Structure formats: C-alpha cells, structure tokens
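Notes to accompany the following structure.
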Amino acid sequence: MAYPFSDFKYSDGLSVVGISFCTAIVCEAISWVLIYRTNSYKNLRSSIDKASKKLETMKTDSNKINIKKSKTKKIDRVETSLKESSRDLSLFKFKSGGVVALVLFVVFGLLNSLFEGKVVAKLPFKPFGLIMKMSHRGLQGNDPTDCSMAFLYFLCSISIRTNLQKFLGFAPPRGASAGLFPMPDPKTS
Amino acid sequence: MKEGKSVKLNHQQPHQNGHLSPSKFAKLFDPEASWDKDQLGDVLHWIRQVLGLACGFLWGSIPLVGGIWFILFLALSTGIIYSYYAVILKVDEEEFGGHGALLQEGLFASITLFLLSWILVYSLAHF
C-alpha cells in the first residue's frame with residue numbers, strides 16, 4: 001500500500017497509532033450508546049456532582065467553625081449517599097466494559113497479525129524489566145531499543161483514550177473517585 | 001489557621017472543553033479568579049498533555065537519547081505545573097486536595113503521550 005509516509009523506515013508506527021485512534025473513537029461511541037446517553041447515567045452523574053460539591057462546602061465550613069454533632073451527621077449522610085451513587089456508577093459502567101474490552105482485544109489481535117515480529121519503531125532509550133518485556137514482545141534480535149507493536153499500542157491506548165474521554169466530557173466525575181476511597185480529613189491546626 | 005482564599009463554587013454551567021471564551025482565557029492567568037475543583041483539574045490536565053506532546057516532539061527531533069531525558073521531562077513538567085498553580089494562580093492547594101492531587105492531575109496520560117510522541121518522532125525523523 002502506497003501512502004505519503006511509506007518511505008519512512010518505521011511508518012508502521014504511524015499505522016499502529018492511526019488504528020489505535022480509530023479504535024478509541026469506536027470505543028467511545030459504544031460507551032455513549034450503552035451508557036452516556038441513558039437517563040439513568042445522567043441522573044447518577046448529577047447526583048454525584050451535587051453530593052461531592054455539597055460535601056466540599058460542608059467540610060470547608062466545618063473547618064472554620066467548631067464541629068457540631070448535627071453537622072457531622074449531615075456530612076456522614078452525604079458521604080454515604082456519594083458512596084452509593086459511585087458504586088452504582090461503577091456497576092453501570094461495568095456493563096459496557098465488556099464490549100469495549102472485546103473491541104480492544106480484537107484490534108490487538110488484528111495488529112498482532114499485521115505486525116508480529118516487526119519492529120514498528122525505535123526507542124530513544126533502553127527499556128528494562130517489565131517495559132522491556134512489553135516493548136520487545138515477539139521480536140527477534142538483541143537490540144533492546146527495538147519497539148514492538150504491543151508497547152506502542154499500550155501507550156496509544158492510555159494516552160489517546162484518556163484524552164479523548166476528557167475532551168468529550170466522558171471522564172468520570174472527580175467526586176466519584178473521591179467517594180470510592182475516602183481519605184481521612186487532613187487536620188488543620 | 002492559614003487564611004487562604006475562599007473558593008466560590010461556580011454555579012454556572014461548566015464550560016465545554018475547546019469552547020473557551022476570551023474572558024475565560026484571561027481567567028487562566030488571573031490570581032484573583034475563583035476556581036472550581038473540576039475547572040482547575042481540567043486546566044492542569046490539558047497543560048500536562050500539551051507539555052507531554054511538545055517535549056516529545058522536541059526530544060525526538062533533536063534528538064535527545066537516553067533514559068535521563070525521561071526523568072528530565074518529568075521534572076520539567078511537574079515544575080511548570082507547580083509554578084502555574086502556586087505562583088501564577090496563587091491558589092490554596094489545601095482547598096483542592098493538596099499538592100499531591102494537583103500534581104497528579106493528568107500525569108499518567110501525559111507520560112504515555114510524551115513517550116508516544118518521543119518514540120514516533122525519533123523513529124520517523126532519524127531512521
């Protein structure tokens with residue numbers, strides 16, 4: 001196949017990135033159809049946003065004034081509500097997680113068949129340990145700076161999908177992550 | 001108790017990414033502006049990504065070779081992020097979850113984006 005970058009030695013790297021980008025878009029489209037457009041998700045998300053903001057306000061106020069018992073109870077109640085909504089949201093997303101994982105797996109298999117044993121890029125550093133196992137997967141030869149498709153696909157999956165979700169507004173609300181692992185309040189003296 | 005700037009919760013509709021109005025751009029450099037947690041998080045996230053992409057292109061073009069340059073990128077981007085919210089915006093980090101939370105915003109995505117652009121530019125430009 002002749003295309004503008006075909007004269008570069010490592011144009012395969014661009015192919016991997018291009019395919020990964022298309023895959024990311026497909027995955028977000030699937031997620032939108034299965035999750036984000038549904039009313040139940042929107043309700044869950046708005047309740048999480050409200051609860052986390054309310055919690056923030058209450059904690060800010062409680063830091064300034066002496067803590068009252070009724071205040072503490074209210075904070076606990078909002079925190080409980082936040083945790084429940086976050087858990088529901090996690091279960092909700094788990095539904096489409098399977099489909100997205102399947103797409104990612106199929107695309108990985110496709111790329112594997114296309115680029116197995118091929119050096120798709122050259123690393124500007126010497127990898128070690130787990131990174132080297134990934135970056136040298138399926139390659140022959142002893143040059144540790146040879147980069148396999150698997151490593152490039154891994155980098156694409158994280159960087160492109162994360163930023164695409166952020167850009168489209170699909171990133172999980174921050175209150176949700178705070179609710180799952182409540183951190184102890186830092187004491188201010 | 002440390003007398004920090006109180007954060008006013010923004011009740012407006014959150015602005016859409018990529019649709020910043022001119023007044024919103026001015027806010028990016030205004031130490032007097034009030035910041036919602038989500039807003040500041042988003043701004044720090046995208047700054048991290050731009051730095052990752054820019055450093056990756058730069059490192060790959062020159063080219064800078066060796067693991068030391070990865071560490072340098074981490075130090076540089078973290079320093080810029082810290083300077084931005086602590087020196088330019090002058091926000092009280094305790095009201096946003098502390099230094100750790102602000103510095104971690106978008107960090108992992110930035111690292112992978114940096115590595116991706118560094119590797120690709122290096123591979124395509126120098127072989």
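Just so it is clear, the structure is predicted and the values come from calculations on it, not from any experiment. Here is the naming used below: chain letters follow the sequence lines, and residue numbers restart at 1 for every chain.
- Contacts of A:Val16 with chain B are absent, with no heavy-atom separation under 4.5 Å from either backbone or side chain.
- For B:Phe127, the parts sitting under 4.5 Å from any heavy atom of chain A are the backbone and the side chain alike.
- In this structure, A:Phe108 has its ring center closer than 6.0 angstrom to the ring center of A:Tyr153.
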Q.
Determine whether B:Glu105 and A:Lys166 satisfy the following criterion, salt bridge (Lys or Arg N to Asp or Glu O under 4.0 Å), listing intermediate values before the conclusion.
A. CA-CA 12 Å; B:Glu105 193 68 46; A:Lys166 196 83 172 179; 3.8 Å; yes
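- Neither the backbone nor the side chain of B:Ile68 comes within contact range of chain A; no heavy atoms are under 4.5 Å apart.
- Of all the listed residues (A:Ser159, A:Ala121, A:Pro124, A:Pro127), the one sharing the greatest number of non-hydrogen pairs under 4.5 Å with chain B is A:Pro124.
- Using modelled atom types and a 3.5 Å distance limit, the side chains of B:His99 and B:Tyr85 yield a donor-acceptor pair.
- Side-chain contact between A:Met132 and A:Pro144 is present, with at least one heavy-atom pair separated by less than 4.5 Å.
- For chain B, no part of A:Phe128 is nearby; none of its heavy atoms comes within less than 4.5 Å.
- At a 4.5 Å heavy-atom cutoff, the contact between B:Leu116 and chain A is made by backbone and side-chain atoms alike.
- In this structure, B:Lys27 and B:Trp35 have side chains that are in contact, with non-hydrogen atoms separated by less than 4.5 Å.
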